[in-house]
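For reference, the structure discussed in these notes is given below.
Counting starts at 1 for both ligands and their atoms, in listed order. Start at 1 with the first residue, then count along the sequence.
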Amino acid sequence: MRITNEQNDIASVLVSEEEIRARVAEIGAALTEEYQDKMPLVVCVLKGASFFYTDLCRAMKCHLFMDFIAVSSYGAEARSSGVVRIIKDLDTSITGRHVIIVEDIIDSGLTLKHLTELLSSRKPLSIKTVSLLDKQARHDPELAADVTGFNIPDEFVVGYGLDYASFYRNLPYIGVLKREAYEN
Ligand code: IMP
Ligand code: MG
């Protein structure tokens, strides 16, 4: 394995720490307003959404419950198959509850679509989807999340939870990877 300072592999910063902080505060305030008396179950889609999720939960100033789900949509291929396989299910029942699904990024949109369908079948009172990032050019507009943090161009990004081959999740910003970082 190559020993490297991961910052050196970033071509450019697409969304800075400050921009993330400001947008998370905004979304948190809107959700606080909307869910004030609803005690929502806020669901983190592991692992990519982890930093966004914890920051967003802290920005919500109302009672909420936290739970975590891990899904795999890619199998062995690089492209999304659209089939969601649950690797770790929620610990709690969502029937009759208000659910907020927190995702990292919408690319083809198929992961979130299938996850939403799956959780809908468990008869929650409501489901809202929130995604930090959205590559709008890559999917039908109706596959966008209900709430989007940032629309971004069709580039492979890492950081603030998003990975390439499990690396770069701990970068504090969203960055575009240099070509040589994934061609090695
Ligand atoms: P979709 O089903 O094509 O929308 O895939 C969404 C998932 O693909 C995300 O939850 C990410 O795990 C992964 N993904 C898509 N684009 C990127 C990217 O630019 N960087 C890192 N992960 C990505
Ligand atoms: Mg993901």
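For ligand 1 and Leu162, the ligand atoms under 4.0 Å from any heavy atom of the residue are 20 (N), 21 (C), 22 (N). Proximity to Glu103 (heavy-atom distance under 4.0 Å) selects the following atoms of ligand 1: 10 (O). Set against the non-hydrogen atoms of Thr111, the atoms of ligand 1 under 4.0 Å away are 1 (P), 2 (O), 5 (O), 6 (C). In the vicinity of Lys135, heavy-atom distances shorter than 4.0 Å reach the ligand 1 atoms 16 (N), 17 (C), 18 (C), 19 (O).
Two residues are said to be in side-chain contact when any heavy atoms from C-beta on lie closer than 4.5 Å; Phe167 and Val158 fail this criterion.
The heavy atom nearest to atom 23 (C) of ligand 1, considering only Leu46, Leu14, Ile105, is found in Ile105. When Asp104, Val45, Asp154 are checked for heavy-atom proximity to atom 10 (O) of ligand 1, Asp104 turns out nearest.
Salt-bridge check for Arg23 with Glu19: failed, with every basic side-chain N at 4.0 Å or more from each acidic carboxylate O. Glu34 and Lys128 are joined by a salt bridge, as a carboxylate oxygen and a charged side-chain nitrogen come within less than 4.0 angstrom of each other. Electrostatic pairing of Lys178 and Asp9 does not count as a salt bridge here, judged by no charged N lying under 4.0 Å from a carboxylate O.
Using a 4.0 Å cut-off between heavy atoms, Asp163 contacts ligand 1 through its backbone alone, with no side-chain atom that close.
Using modelled atom types, no side-chain atom of Asp134 and backbone atom of Thr148 make a donor-acceptor pair closer than 3.5 Å.
Qualifying salt bridge (Lys or Arg N to Asp or Glu O under 4.0 Å) partners for Glu17, counting only residues two or more places apart in sequence or in other chains: none. Legend: residues meeting side-chain hydrogen bond (donor to acceptor under 3.5 Å, both in side chains) with Thr32, ordered by chain and number and at least two apart, are absent.
Using 4.0 Å as the threshold, Glu155 has a heavy atom nearer than that to some atom of ligand 1. Gly48 does not count as a contact of ligand 1, since none of its heavy atoms falls under 4.0 Å from the ligand. Within the 4.0 Å heavy-atom shell around ligand 1 one does not find His139. Contact analysis leaves Val158 out of contact with ligand 1, as no non-hydrogen atom separation drops below 4.0 angstrom.
His98 and Ser126 share a donor-acceptor pair across their side chains, judged by distance under 3.5 Å alone.
Considering both main-chain and side-chain atoms, Leu112 never comes within under 3.5 Å of ligand 1 through any nitrogen or oxygen pair.
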